[in-house]
Amino acid sequence: MGDSSDDITRMKLVIQSTSRVWGGNEKWFATVGAGLVKRGHEVVVSCPDGVVRERLKQRGLRTSGFRPRGVIDPVSGLTFAGWLRYEKPDAVLATSWNPTAWVAAAARAAGVKRVAVRLGILRSAPQVGPKGLAFRKGVDALIVNSPEIRDEWLRTLPSFPPEKVHLILNGVEQAPYHRTALATALRSELNVPSTAMLVGGAGNISERKGFDITLRALSLARNEGLHLVIIGDGPYRQTLVDLSRQLSVQTRVHWLGRREQAADLIAGCDMFVLSSRNEGMANVMLEAMAARTPVIGADVSGVRLALGATDLRPEAGWIVSPEDPASLTTEIEKLAAALASGNPAVQARTDEARWRIENWFEPNRMIDESEAAIFG
């Protein structure tokens with residue numbers, strides 16, 4: 001279905017999201033939605049007011065406020081079903097976990113032919129309750145972005161047909177990054193010396209993202225030229241600010257908040273650290289790989305596929321044990337020393353990372369595969 005010729009079937013898709021934060025999941029369905037529109041399909045995104053809606057509109061996607069709010073709000077679910085009956089989509093794609101049961105039930109009540117769900121973090125399958133029923137009776141396709149998510153789902157719900165689980169790797173832009181200029185601009189903004197070694201982290205600041213692990217790793221480092229740059233915001237930020245003071249590293253931690261051009265900031269860092277407790281396939285890690293920023297990743301879902309060696313490919317980054325600040329400190333200091341000495345092994349891995357972005361994590365391939373999974 002990736003053919004954009006005039007003889008393809010034009011379809012209509014409703015994408016459902018309850019998110020009020022712009023993150024990897026939102027980038028994913030925005031890219032897929034915009035790609036489907038370019039191919040002649042019609043796409044409407046059901047989402048709340050706020051940053052997600054504004055960014056979708058900037059990408060030319062139509063949005064609507066009709067959306068289910070979960071099992072505690074049946075009126076919104078029934079209203080959503082009525083709206084679907086009016087819109088008459090060929091498929092509905094649920095991208096938020098909590099209202100999945102309502103999305104599936106509303107779609108079936110409205111006569112929608114196909115229901116897909118996108119799952120972007122490692123999660124066991126629901127066994128009972130409305131969600132369990134929805135996946136047994138009302139979901140035609142489950143889209144996941146890492147082998148770990150697929151395997152955990154099939155392990156915990158063996159009755160779910162394996163052919164309904166579609167492993168579709170994230171796709172990220174492959175624009176050229178002028179890292180030297182971006183690094184100079186970032187150091188100027190932070191007012192740090194040119195000799196400072198910038199360690200980047202990015203994402204919604206929640207406990208799941210593990211920024212506290214990176215803070216503890218920074219506090220254990222003997223290299224006081226290391227500075228941590230955190231891009232993003234969220235409910236856990238003040239807790240982390242307090243922790244940085246407790247660890248006496250607050251003068252070497254820079255909170256940049258949410259930024260439109262976060263990928264440029266990641267490209268301006270000397271290295272990028274993903275210390276998450278749970279992921280699917282972290283988009284920020286892929287953005288760092290695309291920029292040839294060296295990546296250290298905790299060994300959670302998606303990281304080994306993105307960074308690890310295979311039978312045919314060399315390593316594309318550095319992998320450490322999850323929730324292990326001491327191990328992370330060791331790897332950060334080793335990488336900092338290698339960068340300072342110009343060790344060619346660093347460029348070899350970042351070149352491999354860029355190769356994987358161009359060959360494994362390409363947006364058009366992601367749109368092709370998503371189009372086929374969503375519409376059948």
Is Arg123 positioned over the aromatic face of Trp97, cation under 6.0 angstrom from the ring centre and no more than 45 degrees off axis? yes

State whether the side chain of Ser188 and the backbone N or O of Thr184 hold a donor-acceptor pair below 3.5 Å, judged by distance alone. no

Check: Phe135 ring centroid to Trp153 ring centroid under 6.0 Å: yes

Please determine, by modelled atom types, if Ser124 and Thr156 share a side-chain donor-acceptor pair under 3.5 angstrom. no

Once you round to the nearest 0.5 Å, how far does CZ of Phe160 lie from CG of Leu154? 8.0 Å

ILVMFWY network linking Val117 to Val112, side-chain heavy atoms under 4.5 angstrom: no

Any non-hydrogen side-chain atom of Arg67 less than 4.5 Å from a side-chain atom of Ser17? no

Would one find more than 12 heavy atoms of other residues, nucleotides or ligands at under 6.0 Å from atom CD of Gln250? yes

Arg62 and Val44 have their tightest heavy-atom pair at NH2-CG2, 2.8 Å

I'd like a table of donor-acceptor pairs (distance under 3.5 Å, sequence neighbours excluded) in which one partner is a side-chain atom from residues 314-323, with atom names and distances.
| residue | atom | partner | partner atom | Å |
| --- | --- | --- | --- | --- |
| Glu315 | OE1 | Arg349 | NH2 | 3.0 |
| Glu323 | OE1 | Arg277 | NE | 3.3 |

For Arg356 and Ala306, indicate whether the former's side chain and the latter's backbone hold a donor-acceptor pair under 3.5 Å. yes

Between Gly24 and Asn283, which heavy-atom pair has the shortest distance, and what is it? CA-CB, 3.9 Å

Salt bridge between Asp351 and Arg292, side-chain N to carboxylate O under 4.0 Å? yes

Could you tell me if the side chain of Arg150 sits less than 4.5 Å from the side chain of His166, heavy atoms only? no

Could you tell me if the side chain of Trp28 sits less than 4.5 Å from the side chain of Ile143, heavy atoms only? yes

Between OG1 of Thr329 and NZ of Lys334, what distance do you get to the nearest 0.5 Å? 12.5 Å

Transitive ILVMFWY side-chain link Leu119 to Val139, under 4.5 Å: yes

Please list, one pair per line, the donor and acceptor atoms closer than 3.5 Å that link side chains of residues 223-237 to other protein atoms, with sequence neighbours excluded.
| residue | atom | partner | partner atom | Å |
| --- | --- | --- | --- | --- |
| Asn223 | OD1 | Gly225 | N | 2.8 |
| His227 | ND1 | His254 | NE2 | 2.9 |

In terms of side-chain heavy atoms, does Ser46 have a donor or acceptor partner in Ser64 at a distance below 3.5 Å? no

Evaluation steps, side chain to side chain contact (heavy atoms under 4.5 Å, CB included), between Trp360 and Arg313: CA-CA 12 Å; Trp360 295 357; Arg313 305 299 310 178; 3.9 Å; yes

Non-hydrogen side-chain atoms of Leu198 and Met271 separated by less than 4.5 Å: no

Under 3.5 Å: donor-acceptor pair, side chain of His41, backbone of Met11: yes

Can you tell me how far the CZ atom of Arg258 sits from the CG atom of Leu256, to the nearest 0.5 Å? 13.0 Å

If we ignore hydrogens and angles and just use 3.5 Å, is the side chain of Ser276 paired with the main-chain N or O of Asn278 as donor and acceptor? no

Between Arg304 (side chain only) and Ser301 (backbone N and O only), is there a donor and an acceptor less than 3.5 Å apart? no

Least distance between heavy atoms, Met366 atom then Gly171 atom: SD-N, 3.0 Å

Quick one: does Arg136's side chain have a donor or acceptor within less than 3.5 Å of a partner on Gln127's backbone? yes

Would you find a donor on one side and an acceptor on the other, under 3.5 Å apart, between the side chain of Gln261 and the backbone of Asp264? no

Could Arg259 and Glu189 be called an ion pair, given the rule that one side-chain N must be under 4.0 Å from one carboxylate O? yes

Given side chains that start at C-beta, do those of Pro344 and Gln347 come closer than 4.5 Å, heavy atoms only? no

Drop me the distance from Met289's CE to Trp355's CH2, to the nearest 0.5 angstrom. 10.5 Å

Closest non-hydrogen atom pair, Phe272 against Thr293: N-CG2, 3.8 Å

Non-hydrogen side-chain atoms of Val241 and Arg245 separated by less than 4.5 Å: yes

Linking I/L/V/M/F/W/Y whenever their side-chain heavy atoms sit closer than 4.5 Å, directly or via other members, would Val92 and Trp102 fall into one cluster? no

Under 6.0 Å between ring centres: does that hold for Tyr86 and Trp83? no

Should Leu247 and Leu215 count as side-chain neighbours, where that means a heavy-atom distance under 4.5 Å? yes

side-chain hydrogen bond (donor to acceptor under 3.5 Å, both in side chains) between Asp242 and Gln238, worked out: CA-CA 6 Å; Asp242 294 340; Gln238 188 56 51; 3.0 Å; yes

Just checking Asn359: does its CG atom have more than 12 heavy atoms from other residues, nucleotides or ligands closer to it than 6.0 angstrom? yes

Any donor-acceptor pair under 3.5 Å linking the side chain of Asp90 with the backbone of Leu13? no

Salt-bridged, Glu287 to Lys27, with N to O below 4.0 Å? yes

Spacing of CG belonging to Leu328 relative to OG belonging to Ser275, to within rounding of 0.5 Å: 6.5 Å

Cluster overlap Val32 with Leu56, hydrophobic side-chain contacts below 4.5 Å: yes

Could you please spell out the steps behind the side chain to side chain contact (heavy atoms under 4.5 Å, CB included) verdict for Glu152 and Leu122? CA-CA 7 Å; Glu152 175 65 9; Leu122 188 66; 3.7 Å; yes

Just verifying a value: how many Å separate Leu265 CG and Cys269 SG, rounded to the nearest 0.5 Å? 7.0 Å

Do Arg55 and Glu26 sit within salt-bridge range, that is, some charged N less than 4.0 Å from a carboxylate O? no

Is the shortest heavy-atom distance from the side chain of Ile357 to the side chain of Val172 under 4.5 Å? yes

Sidechain-backbone polar pair: Arg216 side chain, Ala326 backbone, donor-acceptor under 3.5 Å: no

Is any side-chain N of the basic residue among Arg39 and Glu371 closer than 4.0 Å to the acidic one's carboxylate O? yes

Starting from the C-alpha separation in whole Å, work towards a yes-or-no answer on side chain to side chain contact (heavy atoms under 4.5 Å, CB included) for Glu87 and Phe66. CA-CA 11 Å; Glu87 289 285 345; Phe66 287 105; over 6 Å; no

Would you call Arg179 and Asp270 a salt bridge, using N to O less than 4.0 angstrom? no

Ala373 and Ala141: which non-hydrogen atoms are nearest, and at how many Å? O-CB, 3.7 Å

Should we count OH of Tyr177 as having more than 12 external heavy atoms under 6.0 Å? yes

Do Glu362 and Arg365 pass the salt bridge (charged side-chain N to carboxylate O under 4.0 Å, His left out) test, and can you show the C-alpha distance, the side-chain angles, and the key distance before you say yes or no? CA-CA 6 Å; Glu362 198 275 325; Arg365 182 267 321 150; 5.7 Å; no

Hey, is the main chain of Leu169 close enough, under 3.5 Å, to the side chain of Asn145 for a donor-acceptor pair? no

Ignoring hydrogens, what is the shortest heavy-atom contact between Pro147 and Leu167? Give both atom names and the distance. N-CD1, 3.8 Å

Under 4.5 Å between side-chain heavy atoms, hopping through other hydrophobics if needed: is there a path connecting Leu305 to Val295? yes

